[in-house]
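The structure presented is a predicted model; accordingly, all values stated were derived computationally and were not measured.
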Amino acid sequence: MSVAIRHLNTADASFEADFERLKHWSAETDAAIETRVAGIIDDVRRRGDAALLELTARFDGVTAASVAALEIGAAELAAALDAITPAQRAALLAAAERVRSYHERQREACCRSWDYVDADGSRLGQKVTPLDRVGIYVPGGKAAYPSSVLMSAIPAHVAGVPEIVMVVPTPKGEKNPLVLGAAAAAGVHRVFTVGGAQAVAALAWGTATIPRVDKITGPGNAYVASAKRRVFGQVGIDMIAGPSEILVLADGSTSPEWVAMDLFSQAEHDELAQSILLCPDADYLLAVQAAIDRLLPDLPRRDVIRASLEGRGALIRTRSMEEACEISNRVAPEHLEISAAEPRRWEPLLRHAGAIFLGAYTSESLGDYCAGPNHVLPTSGTARFSSPLGVYDFVKRSSLIEVSAAGARTLGPIAAELAYGEGLQAHARAAELRWKG
């Protein structure tokens with residue numbers, strides 16, 4: 001049975017309306033979820049460890065005498081890394097090394113302190129310091145995401161964060177060895193087997209056992225997303241992620257099977273994920289449709305993929321590759337593949353994307369696991385103003401100002417004039433005292 005994915009054409013009069021419907025996605029959270037999350041957060045704020053124990057027993061089916069008993073020690077993390085298969089361990093360590101190497105280069109490029117001395121002898125600059133403590137949320141249950149552990153913990157480690165605290169639910173007490181092994185490989189300092197909104201609240205305010213953090217990163221379900229939104233301001237957060245997205249720009253030179261599978265790679269996440277192909281070649285779009293129909297039945301998550309492609313996917317014929325690039329900028333996708341013979345020709349035209357994958361051999365899945373750049377990316381069009389998770393998310397900048405006597409004589413009159421204009425006499429006098437006496 002053919003997959004009923006939309007076929008759109010930018011030359012059609014109805015394209016703009018059809019395209020706007022395709023882009024639309026409601027980020028509203030169910031009111032019942034918001035109410036329930038608010039209650040959970042308030043309970044953890046008031047009762048701390050006692051609330052955590054009750055909520056973990058209720059939602060995860062895990063009972064413990066204390067929250068301390070829910071902490072996984074360094075020895076158990078190391079044992080988990082040793083217990084996975086040699087192939088899994090080698091892949092995990094290789095991915096960790098590549099992610100670490102990339103983020104070390106990123107730190108050198110963006111996250112250094114600097115200063116200079118101006119003509120009056122005043123020293124001005126920027127001091128960059130790591131956050132004291134960060135929290136990493138890792139989904140548990142049916143889903144296991146060791147790659148997300150690497151992507152959150154390693155840039156924090158590279159940034160110099162002294163303490164990285166990870167929380168991960170373990171429904172019915174089932175611990176995933178790959179996730180725990182990833183925590184060991186990434187340098188996580190403490191791991192607690194708690195999850196949901198209650199874990200987010202514990203990280204945000206702290207309990208007798210779980211320390212309060214300065215920032216929380218990592219994906220989660222609607223309850224976790226709602227909790228992160230609510231605790232923002234008490235702590236920092238990375239982002240509120242929407243459904244996963246991929247947009248492929250193709251010139252018709254890549255195997256249709258490769259492109260079809262790349263579309264599947266995001267569609268298999270969930271039914272709300274979005275996969276879009278833009279191409280000026282009508283025959284190529286038909287070839288990709290045929291590849292989709294041919295390859296889908298063999299995939300275990302075919303029902304999820306079909307629902308995603310039919311609900312939010314599209315194969316769009318454009319007038320040119322230039323027009324395809326402009327449409328891509330309107331979408332501002334999480335993952336953007338340039339599957340073309342000359343990918344660098346088109347890359348300068350692309351302004352908005354979480355990550356850009358250049359060339360036919362650069363599948364999005366390589367970026368998810370082991371290429372090196374972070375896979376925690378802005379979604380739902382927020383790549384217009386947001387960036388991937390990186391070392392810069394785990395440091396903060398303080399301005400350095402050291403004014404000399406000569407500088408006070410130069411800057412004082414400027415500051416005083418502006419302060420008087422704002423009606424702030426004490427500000428003006430504070431500046432004047434340094435040069436008038």
### Message
Walk me through whether R123 and D115 qualify under salt bridge (Lys or Arg N to Asp or Glu O under 4.0 Å).
### Response
CA-CA 7 Å; R123 185 170 71 100; D115 62 64; 3.3 Å; yes
### Task
Please test F264 against I246 for side-chain contact (heavy atoms from CB on, under 4.5 Å), starting from the C-alpha separation and ending with a verdict.
CA-CA 9 Å; F264 292 167; I246 186 170; over 6 Å; no
### Query
Which is it for T207 and T209 under the side chain to side chain donor-acceptor pair (under 3.5 Å) test, yes or no, and what are the steps along the way?
CA-CA 5 Å; T207 71; T209 307; 4.8 Å; no
### Task
May I have the step-by-step check of salt bridge (Lys or Arg N to Asp or Glu O under 4.0 Å) for E54 and R47, ending in yes or no?
CA-CA 10 Å; E54 290 179 15; R47 298 196 300 124; 2.9 Å; yes
### Message
As a quick check of understanding, evaluate side chain to side chain donor-acceptor pair (under 3.5 Å) for H375 and S148, giving each step before the final call.
### Response
CA-CA 8 Å; H375 79 195; S148 291; 3.2 Å; yes
### Task
Please assess V235 against D214 for the test side-chain contact (heavy atoms from CB on, under 4.5 Å), listing each intermediate value before the final yes or no.
CA-CA 5 Å; V235 294; D214 300 308; over 6 Å; no
### Task
Please test L249 against E337 for side-chain contact (heavy atoms from CB on, under 4.5 Å), starting from the C-alpha separation and ending with a verdict.
CA-CA 6 Å; L249 298 178; E337 287 188 5; over 6 Å; no
### Query
Going through the checks in order, is the side chain to side chain donor-acceptor pair (under 3.5 Å) test met by S152 and T217?
CA-CA 7 Å; S152 283; T217 71; 3.2 Å; yes
### Task
Would you check, one step at a time, whether the test salt bridge (Lys or Arg N to Asp or Glu O under 4.0 Å) holds for R229 with E34?
CA-CA 10 Å; R229 188 181 294 111; E34 292 286 359; 3.6 Å; yes
### Task
Kindly determine whether S275 and L309 satisfy side-chain contact (heavy atoms from CB on, under 4.5 Å), including the steps that lead there.
CA-CA 7 Å; S275 301; L309 294 179; 3.8 Å; yes
### Task
Could you give me the CA-CA distance, side-chain angles and deciding distance for E257 and S255, then say whether side chain to side chain donor-acceptor pair (under 3.5 Å) is met?
CA-CA 5 Å; E257 285 77 12; S255 163; 3.0 Å; yes
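Environment of CZ in R294: crowded, with over 12 heavy atoms of neighbouring residues, nucleotides or ligands closer than 6.0 Å. No more than 12 heavy atoms of other residues, nucleotides or ligands sit less than 6.0 Å from atom OH of Y361. Residue Y369 places its OH atom among 12 or fewer non-hydrogen atoms of other residues, nucleotides or ligands, all under 6.0 Å distant. Other residues, nucleotides and ligands contribute over 12 non-hydrogen atoms within 6.0 Å of the CZ atom of R112.
Closest non-hydrogen pair, G354 versus A383, comes out as N-CB, 3.7 Å. Considering every non-hydrogen atom in both Y137 and P219, the closest pair reads CD2-O, 3.1 Å. What you find for V391 and A159 is that their closest heavy atoms are CG1-CB, 3.7 Å. The two residues V188 and V191 have their closest heavy-atom pair at CG1-CG2, 3.8 Å. Between F15 and I327, the shortest heavy-atom distance links the atoms CZ-CD1, 4.1 Å. The two residues E310 and A4 come nearest to each other via the heavy atoms OE2-N, 2.9 Å.
Salt bridge annotation for D303-R306: absent, with no cationic side-chain nitrogen under 4.0 angstrom from a carboxylate oxygen. Salt-bridge check for D238 with K215: failed, with every basic side-chain N at 4.0 Å or more from each acidic carboxylate O. Between E108 and R105 there is no salt bridge, since no side-chain N of the basic residue sits under 4.0 Å from a carboxylate O of the acidic one. Ion pairing between a basic and an acidic side chain is recognised when a charged N comes within 4.0 Å of a carboxylate O; E326 and R351 show such pairing. We find that E20 and R330 are joined by a salt bridge, their nearest charged nitrogen and carboxylate oxygen being less than 4.0 Å apart.
Between the side chain of R302 and the main chain of L296, no donor-acceptor pair closer than 3.5 Å is present. Of the possible polar contacts, one joining the Q274 side chain to the R312 backbone as a donor-acceptor pair under 3.5 Å is found. A donor-acceptor pair under 3.5 Å is formed between the side chain of N9 and the backbone N or O of A11. In this structure, S226 contributes its side chain and A222 its backbone to no donor-acceptor pair below 3.5 Å. Within the 3.5 Å criterion, the main-chain N or O of A31 finds a donor-acceptor partner in the side chain of T35. Between the side chain of R384 and the backbone N or O of G381, at least one donor-acceptor pair lies under 3.5 Å. The backbone N or O of A32 lies less than 3.5 Å from a partner atom in the side chain of D30, making a donor-acceptor pair. Judged by distance alone, with hydrogens and angles left aside, the side-chain atoms of T193 form no donor-acceptor pair with the main-chain N or O of P169 at under 3.5 Å.
H352 is not listed as a side-chain neighbour of L350, based on a closest heavy-atom distance of 4.5 Å or more. Side-chain contact between Y284 and T254 is present, with at least one heavy-atom pair separated by less than 4.5 Å. Side-chain contact check for W114 versus K127: every heavy-atom pair is 4.5 Å or farther apart. For the pair V259 and L277, the minimum side-chain heavy-atom distance is below 4.5 Å. Proximity of W205 to V231: side-chain heavy atoms (C-beta onward) are separated by under 4.5 Å at one or more points. Annotation: side chain of P130 is not in contact with side chain of F394 (no heavy-atom distance under 4.5 Å). In this structure, E163 and P211 have side chains that are in contact, with non-hydrogen atoms separated by less than 4.5 Å. A 4.5 Å side-chain heavy-atom check between V395 and R107 finds every atom pair outside the cut-off.
Separating the CG atom in L278 from the CG atom in D251 is a distance of 12.5 Å, to the nearest 0.5 Å. Once rounded to the nearest 0.5 Å, the distance linking CG of L389 with CG of L377 reads 9.0 Å. Taking CD from E364 and CD from E334, the interatomic distance works out to 7.5 Å, rounded to the nearest 0.5 Å. Rounding to the nearest 0.5 Å places CG of L299 at 4.5 Å from CD1 of I305. The OG1 atom of T10 lies 12.0 Å from the CG atom of D18; values are rounded to the nearest 0.5 Å. Taking CG of L315 as the reference point, atom CZ of R6 lies at 11.0 Å (rounded to 0.5 Å).
Side-chain contact annotation: D293 with S2, donor-acceptor N/O pair under 3.5 Å present.
For R100, the salt bridge (Lys or Arg N to Asp or Glu O under 4.0 Å) partners are E97, not counting sequence neighbours.
Identified under the side-chain hydrogen bond (donor to acceptor under 3.5 Å, both in side chains) test for residues 67-84, with sequence neighbours left out: E71-R190, E76-K175.
Ring-plane geometry between H157 and H189 is classed as parallel, the angle between the planes falling under 30 degrees on a 0 to 90 degree scale with a further cut at 60.
Residue M239 forms a side chain to side chain contact (heavy atoms under 4.5 Å, CB included) with just one option from T382, D393, V376, T379, and that option is V376.
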